[in-house]
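Report on one structure; see the data block that follows.
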Amino acid sequence: MFRLFAENVLDYALFITDPDGVVLSWSKGAERLLGYREDEVLGRSSDLFFTPEDVRSGKPQHERDEALASGRGDDDRWHVRKDGTRFWSAGVATPLRDEAGLLRGFAKIMRDRSDIKRVEEAEHDRERQLHLLTDRIPVLIAHCDADRRYKYVNKPYAARFGRRQSEFVGRRIRDMLGELAYAAIESHVSAALRGERVEFEIEIPYEDLGPQVMRCAYDPEVDDEGRITGFVATIVNVTESRQARKALRETEERLRTLSDNLPRGAIYQLLADAQGHRRFLYVSAGVEPLVGFTPAEILADASVLYGLVHVDDRARVAAQEIAAVRGVAPFDCEYRLWTRWGSLVWIHCRSGLRRLSSGQTMWEGIFMDVTARKEAEQALREADRRKDEFLAMLAHELRNPLAPIRSAAQILRIVGMADPRVERSTAMIERQVQHMTRLVDDLLDVSRITSGKIKLKKGHVDVAVAVGRALETARPLLDARKHEVSVEMPTEPVWVHADPTRLTQMVENLLTNAAKYTEERGRITLAVERAEDIASIRVRDTGVGIPKEMLTRVFDLFTQVDRSLARSEGGLGIGLTLVKNIAEMHGGTVEACSEGRGKGSEFIVRLPALPVTDLPSGPRPPAGGCPAGPRRILVVDDHADVAESLSMLLRIAGHEVHTALDGCAALEAARTFRPEVVLLDIGLPGMNGYEVASVLRRDPAQAETILIALTGYGHEEDRRRAREAGFTAHLVKPVDLATLERVLGSIDTSPARAS
């Protein structure tokens, strides 16, 4: 009978395993539930029916251990059939012991309870979702019975009173809210318990928070027989929103007052759709004194204001609007508007946009009258242009007399005289010419650099080379003041990405500054070092020092530490300004250090150093060109002293020279003299140097002639025009013989092959 029972109970899986879980017997119910025939499962581990994750976590052995410890091992979990499907099993494992108490194995009973498990999970999910919904929404929810006791509150409701949800269940409303608060809502509670749905907004005097404005809705709960069993309350605290609405109204009133009284400007709100239709929702009263049209006129027709935009500015305004709509940039534009009176005003309009759910775009912004500023800017630009023209003309007029002075001094030096007084006078003239030339160059450089008109020509530069050139240039002044100069250089080259000319100029200015502000026979130290990715150039002196309050101001334009008569050689106060600007243009810095007056000073320039992997390889390119051989040179300059002195200097250097004082004479001389090189002034009377060069370039007989501009104009624009006119080189007066010889030696005799 027991065997018949085991074989015929098909709703349960009945089987026996040995102590290690190996299947020893198998019932029809087990075959039906798990899908294995008896011959497929006997002798195999019962772990076969557990899910892989349960096997990995040791659940089968845990179940057997639990059965041994307590007499039964519960087996309520997911199991796996032969076909891989899963089912929820409600089962138990029971240890089987013989008369001697020895463990012989385990009896396992299992039943498929997947349907009940899924119902339980669904109920759990619904309950979890309900709690998730009621606990997350910013609404207070309470469920009360007919005796006015709480049955349920959500988390926000409990948190409002600083309690747990369980503390409310079974408690009376009056006890939890307090007498005053309950009295405020009692009539509405009574109405809900009479079966009425009530909605109301009321200020409730809570004891802990004080008065709070609450928006409430009470819905009665009715059972199947129509009896009122309680009510559900949903409550929203609208205290802050009511206060916000009040504050908003006050803000709107203040904003309207401010916008209507905005001087020479207006605030607006504009609605635009995808088809380009525009409609102003608000324009402040300030628009009328600006353009002459009233807010009412503009609100009635937006084209009234848009039609005032100057025709030359409309495309730019439209492009700005498109960029703003695409999120590229905010709308921030300056443009001109015609007024009702026929005049033009400049306005600066700045606006933000919001995209509405309707697909429209809301523009909100402000426009201000900036006509006075634009006129002032134009006046400044015109003044800046006139200043540049004046400085260029000043430089030209100063360089012209300097050129023959320098040439004459060089002639005296070359010719030589036994009288030492002549030698000293010649050196004095050369120093003063160099000083004057430097003042002119610095004045023009600081004007161009501070106005952003200088373009750097960067490359890999060995700092030691630039320092050497600067020291060579400053050497005459250092020697004249009998200074002791020491140079400290690293053993390895320090490379930077810089404009070599500007780098040399910066170091030269620091050395010149140190020489001028150090008494004779002082000490000046020039040091270069590298620390990680920073290259530093230090210039120390034993000079007059810098007061603490001047350490940052010494870099300001036209600033000098000492303006006394004793420091009359201090220059124009622009050298350090150039140093600061050049350093910053290279991504570096400059710092002034001093312990005070009479204690010397130190200037430290720091520049980004090139990584070791970026250092140039191979030998350094040779500097300069080959010495120039004898050339046939035509010197053209309307300044007779310049032409004569330069011609004399070139003849002494071994060249064959012819002189012309204007453009027409230059063209005639070119036809008869047939020069190899023409040193041509630009500022000639009648036919200027560019025009002369153009005629020469069109003459096949002058195809091989090298044209070199020798002029008092040194702007980048002058150099560009010289290149376009066919000049091979551009030299700025006054030029010394060594520089001229280097240029003549560096160019080929053919302009087609010239560097």
Side-chain angles (χ1 to χ4, degrees), residues 390-417 419 421-441 443-444 476 628 631-670 673 675 677-693 707-714 718 722 727 729-744:
F390 168 76
L391 289 177
M393 183 59 65
L394 175 65
H396 179 268
E397 294 303 315
L398 290 174
R399 282 168 174 159
N400 267 331
L402 288 174
I405 296 174
R406 168 170 279 181
S407 297
Q410 289 183 311
I411 291 170
L412 289 174
R413 182 174 294 281
I414 294 172
V415 172
M417 295 184 67
D419 193 335
R421 291 174 296 178
V422 175
E423 175 64 26
R424 289 197 300 272
S425 298
T426 301
M428 184 187 308
I429 293 171
E430 288 178 336
R431 285 198 304 273
Q432 295 308 315
V433 168
Q434 183 177 2
H435 181 61
M436 284 292 296
T437 303
R438 180 180 180 81
L439 288 178
V440 172
D441 290 341
L443 187 61
L444 292 175
R631 298 285 177 89
R632 293 169 58 82
I633 301 174
L634 173 61
V635 175
V636 184
D637 200 303
D638 63 313
H639 197 295
D641 287 347
V642 174
E644 183 180 355
S645 60
L646 182 58
S647 298
M648 189 184 306
L649 190 62
L650 289 170
R651 289 190 186 100
I652 293 173
H655 302 287
E656 184 180 354
V657 184
H658 188 84
T659 304
L661 299 180
D662 58 44
C664 293
L667 294 176
E668 180 62 28
F673 181 59
V677 178
V678 178
L679 297 178
L680 181 57
D681 186 20
I682 299 298
L684 296 173
M687 180 183 291
N688 65 39
Y690 299 129
E691 293 169 336
V692 173
L707 302 182
I708 298 176
L710 185 59
T711 174
Y713 298 105
D718 301 317
F727 286 94
H730 182 284
L731 299 179
V732 179
K733 299 176 185 177
V735 61
D736 59 35
L737 181 60
T739 301
L740 189 54
E741 288 285 16
R742 280 200 301 270
V743 173
L744 292 173

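Every heavy atom of this structure was used, including side-chain atoms; hydrogens, water molecules and symmetry mates were not.
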For Gly663 against Val692, the heavy-atom pair lying closest together: CA-CG2, 3.6 Å
Inter-residue atom distance His658.NE2 - Leu650.CG, 0.5 Å rounding: 14.0 Å
Qualifying residue for side chain to side chain contact (heavy atoms under 4.5 Å, CB included) with Leu646, from Asp637, Asp641, Leu740, Val657: Leu740
Minimum heavy-atom distance Leu680-Ala693, with the two atoms named: CD2-N, 4.1 Å
Inter- and intrachain pairs under salt bridge (Lys or Arg N to Asp or Glu O under 4.0 Å), touching residues 650-667, at least two apart: Arg632-Glu656
Over all atoms of both residues, closest heavy-atom pair of Leu634 and Ala669: CD1-CB, 3.9 Å
Listed partners of Val677 passing side chain to side chain contact (heavy atoms under 4.5 Å, CB included), at least two apart: Arg631, Ile633, Leu679, Ile706, Ile708, Leu744
Partner set under side chain to side chain donor-acceptor pair (under 3.5 Å) for Glu691, not counting sequence neighbours: none
For Pro685 against Asp638, the heavy-atom pair lying closest together: CD-CB, 3.5 Å
4.5 Å side-chain heavy-atom contact, Asp718 and Thr711: no
Val636 vs Asp681 side-chain heavy atoms within contact, under 4.5 Å: no
Qualifying residues under ring-ring contact (aromatic ring centres under 6.0 Å, His included), relative to His730, sequence neighbours excluded: none
Residue pair Val743 / Ala729: nearest heavy atoms and the distance that separates them: CG1-CB, 4.1 Å
Taking every non-hydrogen atom, the tightest pair across Thr659 and Ser647: OG1-OG, 2.7 Å
